[in-house]
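Beneath this line is the structure, given in structure tokens, with notes to follow.
When a residue number appears, it is its place in the shown sequence, counting from 1. What you see below is based on every heavy atom in this structure, not just the backbone, and it leaves out hydrogens, waters and symmetry mates.
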Amino acid sequence: MNPMFDHERLEVYQASLQFITWLEPFLEKLPKSLAVRDQLDRASSSIPLNLAEGNGKFTKPDRCRFFDNARGSAFECAAGLDVLVAKRKFCVEEMTPGKERLRGIVSMTVGLIRATSDYRLHEGGGD
């Protein structure tokens, strides 16, 4: 796919779409009435949507807010995968690849936030 918009060039955006592709077969096996199914569907969709919207914002605080929302949605997805295991819908081994993908997404999103924000954690030796 040829990127048409700037956000499509972001590695984290592409990774979030790959996570959705990974997740979808699991969601299809779950009853639509299961709350965590709907929550995972919405939270996983929220990651690329917030990344795209944030990347399109002009001010640093706006960009960071949307990137932070995407990060929060990735954490929500990780918890959703834990809930599926706790409810014995899938085993830990089945969910591990998804959690590994989410860890990468969180890491890349934190990188975007740090690169965009004027505030830098632990830089300058703590002075």
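Here Lys99 pairs with Asp82 in a salt bridge; the nearest charged N to carboxylate O distance falls below 4.0 Å.
Residue pairs meeting the salt bridge (Lys or Arg N to Asp or Glu O under 4.0 Å) criterion with at least one partner in residues 9-19, sequence neighbours excluded, are Asp6-Arg9.
Paired with Arg65 under the rule side chain to side chain donor-acceptor pair (under 3.5 Å), one option of Asp62, Asp68, Asn69 passes, and it is Asp62.
In this structure, the side chain of Glu8 engages the main chain of Phe5 through a donor-acceptor pair within 3.5 Å. Not one N or O on the side chain of Arg71 forms a donor-acceptor pair closer than 3.5 Å with the backbone of Thr109. A side-chain donor-acceptor contact under 3.5 Å links Ser16 to the backbone of Tyr13. Checked by atom type and distance alone, the side chain of Arg63 pairs as donor or acceptor with a backbone atom of Asn55 at under 3.5 Å.
Here the closest non-hydrogen pair linking Pro31 and Arg37 is O-CD, 3.2 Å. Scanning all heavy atoms of the two residues, the minimum distance from Arg101 to Gln18 falls at NH1-CB, 3.7 Å.
Contact check for Phe66 versus Leu51: no side-chain heavy atoms found under the 4.5 Å cut-off. Proximity of Phe67 to Val110: side-chain heavy atoms (C-beta onward) are nowhere separated by under 4.5 Å. Between Leu84 and Leu34, the closest side-chain pair of non-hydrogen atoms falls below 4.5 Å.
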Result block: side-chain N/O donor-acceptor pairs under 3.5 angstrom for residues 86-96, not counting sequence neighbours:
residue	atom	partner	partner atom	Å
Glu94	OE1	Cys91	N	2.8
Thr96	OG1	Val92	O	2.8

Under 3.5 Å, side-chain donor or acceptor atoms of residues 43-50 against the rest of the protein: list the pairs with distances, not counting sequence neighbours.
residue	atom	partner	partner atom	Å
Ser44	OG	Leu40	O	2.8
Ser44	OG	Asp41	O	3.1
Ser45	OG	Asp41	O	2.9
Ser46	OG	Asn50	ND2	2.8
Ser46	OG	Ser73	OG	3.1
Asn50	ND2	Ser46	O	3.0

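In this structure, CD1 on Ile105 lies 8.0 Å from SG on Cys77, to the nearest 0.5 angstrom. If you take CZ on Phe19 and CD on Glu100, they are separated by 12.0 Å, rounding to the nearest 0.5 Å.
Relative ring orientation between Phe26 and Trp22 is described as tilted, the plane-to-plane angle lying within the 30° to 60° band.
Cluster annotation: Leu10 and Val106 are assigned to distinct hydrophobic clusters (Ile/Leu/Val/Met/Phe/Trp/Tyr, side-chain heavy-atom contacts under 4.5 Å, transitive).
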